Amino acid sequence: MKNIWPVFLAVLTLAGCKDKDYIYQVNEVNILPNNADKDKEKTNEQYINIVYANLYQKALSPDKLVDLSNVIQSIGDKQVAYEIIISKMMNDPLVKLPTVQEMNADPGKFITNTYKRFFVREPTQAEKTFFLNFIKSHPNLTPEHIYFAFATSSEYYYY
Amino acid sequence: MKRRTFIKKALLATGGVITAPYIIPSGRLFATTNAPMAEHVVFVLFAGGVRQQESVLKRYLADSQKIDIEGNIMYNLLEGDAPPLKIAYGTTLPGGQKGGQPISKILSSSLQKQGTLFQELRYSKGGTGHYGGLSAGVSGHYGLTQGLRQRPLHPTIFEYARRFGGFKATDTWFVGNGISGSVPLLNHSNYDGFGSKYGGNFIAPNITFGAEKYIKGFKIYHPDDELDPIHKMQAFLNQSFQLQGGELVSLGNTEEEREKIKDFIRKTFDKLEKQQIAFPPVTDNGDNVTIGFATEVLKYFKPKITVVNIGAVDVCHGNFTSYLEALHRADHGVGHLWNVIQNQIPEMSGKTALIIMPEHGRNIAHNPITDENDWFAYDHSDSNSRRIFAQMVGPGIPSDLLVGSESNPVGDASDIVPTIADLLGFKADVMASGLIDPTARSLFDRI
């Protein structure tokens with residue numbers, strides 16, 4: 001019986017030295033910007049439908065959709081066509097715009113809401129910082145100007 | 001240095017300076033090509049499928065309705081007396097016969113007298129469809145596999161002009177008669193090395209300026225207080241997105257050019273309201289409204305190349321009387337256009353070449369449809385629809401010259417692109433590109 005102890009201890013020691021295979025359950029992730037998956041260009045109809053909904057907070061009627069799509073087709077430079085249509089909309093009191101006071105009361109919240117409204121995503125910290133500084137350094141800036149810039153930016157033309 | 005050696009070296013140096021490559025504004029290095037003959041070119045795609053019989057051949061009803069009355073209903077473009085009887089193409093006076101009053105001539109001397117008339121060209125390849133014809137006219141290439149809703153398969157004259165001539169986007173315009181039939185796609189191809197960044201600006205003014213409630217009175221932002229910060233925000237928003245390749249297809253207008261286009265649209269609405277648009281005296285069809293707005297494009301931008309598409313003549317599929325009316329009005333509109341260029345746009349007067357060519361002809365045999373005069377209508381599919389004409393007038397273009405005849409066709413529909421390139425001084429580049437029809441040549445080289 002005395003002879004068993006050294007063998008037992010040796011087995012125990014060897015078993016204790018064995019390396020464990022640790023498996024960390026983390027999936028591979030490609031790091032991309034928030035807007036990277038927007039790779040399909042909106043059609044004229046999609047664009048005008050969505051921008052109308054974003055600005056008026058209601059759906060565009062079918063006849064207006066046809067008319068506005070025709071206007072866009074009639075002007076070769078789409079950026080020009082979009083800017084004209086949106087600036088015309090901005091003349092309409094029915095467009096739902098935050099007030100300057102609301103924007104200045106909580107610029108961070110305004111920026112986040114604007115990114116969600118137009119780009120359907122949160123701003124990155126860099127984007128938020130840019131707009132916080134931009135609003136601060138441009139006292140005459142209004143929500144209309146910012147909405148106009150978002151609605152005529154490249155990211156907004158894609159989904 | 002001996003006198004003879006000095007002269008020899010001086011001549012060589014001068015020749016070297018003249019022929020050496022130079023850098024155009026876009027930065028491309030290219031060899032000098034031919035000397036330009038004109039500073040501006042206006043090309044009218046005339047006017048929806050025109051039969052030779054009622055245009056250049058001046059046979060009025062003789063070759064179409066078996067009524068022995070001949071005459072010229074296009075007297076701004078062509079020489080010849082009007083038909084003596086059965087006048088159905090004019091305006092209608094109160095209590096008068098429908099269409100019985102011909103529209104007064106605008107030009108004191110016809111374009112035939114002022115310039116060169118190629119009496120018989122060929123639309124030599126592919127089917128004689130409108131889009132194929134328009135595409136061949138602006139690209140100099142017959143897209144035999146060209147489909148509708150597809151941009152021209154080969155580069156357009158706008159792309160050649162901007163790439164080889166170094167013109168900016170607002171120097172090149174396509175003024176369309178509407179947005180149907182894929183007309184808005186004719187301002188550029190998607191050909192590698194060319195494409196949208198060299199495209200021409202497009203406008204279909206009947207649509208744009210008919211949409212008052214959607215765009216008239218659009219807001220003009222203050223350039224410094226409002227536009228500047230807006231552009232800065234746009235630039236920031238676009239920066240990261242464009243790194244991913246996302247960008248709106250652009251014609252390459254600069255921000256300044258875009259603002260000019262907006263200013264043009266705003267001012268044209270104002271002129272429309274004040275009835276100051278230079279419309280032709282008779283504007284009872286869409287083509288002459290298009291021509292009126294085209295003159296505004298010319299006045300505002302003074303483009304290097306303007307293509308104007310008119311197409312009311314296509315009513316011939318179902319109504320021959322309306323076809324004659326449209327043909328008479330197309331002549332009236334082009335006469336007005338040339339008159340405005342010469343008399344109301346000093347920057348273009350005497351420096352502009354005008355080219356006119358139908359996109360294709362029409363059939364020799366009528367279809368079964370008759371109109372209110374019991375006259376038969378005509379489609380476009382047989383060999384007669386391959387017969388067309390071309391006219392050109394302006395600086396460097398021989399006057400009162402007739403080229404070709406019914407029995408001796410000279411020229412091809414694909415010739416217009418090298419002809420425009422010849423007029424503006426980049427023909428060698430276009431010919432060397434290998435992208436136009438292999439048989440296409442400048443019409444000047446066919447005289």
Side-chain angles (χ1 to χ4, degrees), chain A residues 32-42 47-48 64 67-92 115 118-119 124 126-127 130-131 134-135 137-138 140-142 144-158, chain B residues 169-170 173-174 176 178-179 183-184 187-188 199-211 213-221 225-253 255 257-259 261-262 265-266:
Chain A
L32 292 169
N34 289 352
N35 54 21
D37 56 349
K38 293 177 182 172
D39 56 1
K40 296 184 194 74
E41 193 178 333
K42 291 173 185 168
Y47 175 85
I48 209 69
K64 277 187 182 173
D67 290 347
L68 284 166
S69 299
N70 288 348
V71 173
I72 293 169
Q73 275 197 74
S74 77
I75 299 171
D77 191 311
K78 298 298 164 231
Q79 182 82 22
V80 171
Y82 292 158
E83 289 187 5
I84 285 175
I85 287 171
I86 291 163
S87 67
K88 172 70 176 177
M89 287 178 179
M90 290 300 189
N91 275 337
D92 189 345
Y115 266 87
F118 287 92
F119 291 170
T124 62
E127 288 167 334
F130 170 85
F131 274 102
F134 201 81
I135 291 170
S137 59
H138 291 78
N140 294 327
L141 202 66
T142 67
E144 177 185 328
H145 299 143
I146 297 174
Y147 274 26
F148 185 89
F150 270 77
T152 56
S153 66
S154 297
E155 184 172 345
Y156 194 64
Y157 300 142
Y158 284 78
Chain B
T170 47
W173 281 87
F174 189 108
I179 56 170
V183 167
N187 60 334
H188 68 81
N201 273 291
F202 173 85
I203 191 163
N206 292 357
I207 306 292
T208 308
F209 298 109
K213 70 174 176 177
Y214 297 111
I215 55 174
K216 187 182 176 186
F218 65 87
K219 195 174 270 192
I220 300 286
Y221 290 111
D225 299 344
E226 297 183 296
L227 263 187
D228 182 57
I230 285 172
H231 286 156
K232 281 178 180 156
M233 287 187 283
Q234 281 174 331
F236 172 78
L237 291 169
N238 291 346
Q239 194 178 23
S240 66
F241 191 67
Q242 284 169 359
L243 287 176
Q244 306 305 312
E247 193 176 3
L248 190 65
V249 171
S250 165
L251 297 178
N253 285 304
E255 277 180 9
E257 286 181 293
R258 285 193 180 126
E259 293 308 319
I261 296 170
K262 288 186 206 170
I265 291 173
R266 187 177 58 80

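Quantities reported herein were computed from a predicted structural model and do not represent experimental measurements. Below, read A as the first sequence line, B as the second, and so on, with proteins coming before strands; counting in each chain starts at 1.
- Within the 4.5 angstrom heavy-atom criterion, no atom of B/Phe174 approaches chain A.
- The closest side-chain heavy-atom distance from A/Leu141 to B/Met233 is below 4.5 Å.
- For chain B, no part of A/Lys42 is nearby; none of its heavy atoms comes within less than 4.5 Å.
- Neither the backbone nor the side chain of B/Ile220 comes within less than 4.5 Å of any heavy atom of chain A.
- Residues A/Gln73 and B/Phe202 come closest through the heavy atom pair O-CE2, 3.6 Å.
- For the residue pair A/Asp77 / B/Asn253, a side-chain donor-acceptor distance below 3.5 Å is found, with atom types taken as modelled.
- Proximity to chain B is absent for every atom of A/Tyr156, based on heavy atoms less than 4.5 angstrom apart.
- Tested against B/Ile207 for a side chain to side chain contact (heavy atoms under 4.5 Å, CB included), the candidates A/Asp67, A/Asn70, A/Ile75 yield a single pass: A/Asn70.
- Salt-bridge annotation for A/Glu83 and B/Lys262: present, with a side-chain N of the basic residue lying under 4.0 Å from a carboxylate O of the acidic one.
- Between chain B and the options A/Asn140, A/Ile85, A/Leu68, the largest number of non-hydrogen pairs under 4.5 Å is found for A/Leu68.
- For the set B/Lys216, B/His231, B/His188, the count of heavy-atom pairs under 4.5 angstrom toward chain A peaks at B/Lys216.
- No side-chain N or O of B/Ser250 forms a donor-acceptor pair with one of A/Gln79 less than 3.5 Å apart.
- By number of non-hydrogen pairs under 4.5 angstrom with chain A, the leading residue of B/Glu257, B/Lys219, B/Lys232 is B/Lys219.
- For the set A/Ser74, A/Ser87, A/Gly76, the count of heavy-atom pairs under 4.5 angstrom toward chain B peaks at A/Ser74.
- Checking side-chain atoms of B/Asn238 against main-chain N and O of A/Ser154 turns up a donor-acceptor pair under 3.5 Å.
- Side-chain N or O atoms of A/Lys88 include none that pairs as donor or acceptor with a backbone N or O of B/Gly217 at under 3.5 Å.
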Q: Take A/Phe131 and B/Leu237 through the test side chain to side chain contact (heavy atoms under 4.5 Å, CB included) and record every step on the way to the result.
A: CA-CA 10 Å; A/Phe131 274 102; B/Leu237 291 169; 3.8 Å; yes
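- At a 4.5 Å heavy-atom cutoff, A/Ile86 makes no contact with chain B through either its backbone or its side chain.
- Only the side chain of B/Glu259 comes within less than 4.5 Å of a heavy atom in chain A; its backbone stays farther off.
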Q: In sequence, state the C-alpha distance, the side-chain angles, and the governing distance for B/Gln234 and A/Phe150, and then conclude on side chain to side chain contact (heavy atoms under 4.5 Å, CB included).
A: CA-CA 7 Å; B/Gln234 281 174 331; A/Phe150 270 77; over 6 Å; no
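- For A/His138, the part lying under 4.5 angstrom from a heavy atom of chain B is the side chain only.
- Taking the six-membered ring where the residue is Trp, B/Phe236 and A/Phe130 present parallel rings, their angle staying beneath 30° rather than reaching 60°.
- Separating the CD atom in A/Glu144 from the CD1 atom in B/Ile230 is a distance of 7.5 Å, to the nearest 0.5 Å.
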Q | Trace of the side chain to side chain contact (heavy atoms under 4.5 Å, CB included) decision for A/Lys64 with B/Tyr214 | A | CA-CA 9 Å; A/Lys64 277 187 182 173; B/Tyr214 297 111; 3.5 Å; yes
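- Inter-residue side-chain proximity for B/Phe218 and A/Met89 is flagged as unmet; no heavy-atom pair is nearer than 4.5 Å.
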Q | Check against side chain to side chain contact (heavy atoms under 4.5 Å, CB included), A/Lys38 and B/Phe241 | A | CA-CA 9 Å; A/Lys38 293 177 182 172; B/Phe241 191 67; 4.0 Å; yes
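- Between A/Phe134 and B/Pro229, the shortest heavy-atom distance links the atoms CZ-O, 3.6 Å.
- At a 4.5 Å heavy-atom cutoff, the contact between A/Tyr115 and chain B is made by side-chain atoms alone.
- Taken to the nearest 0.5 Å, the CG atom of B/Leu227 stands 8.5 Å off from the NE2 atom of A/His145.
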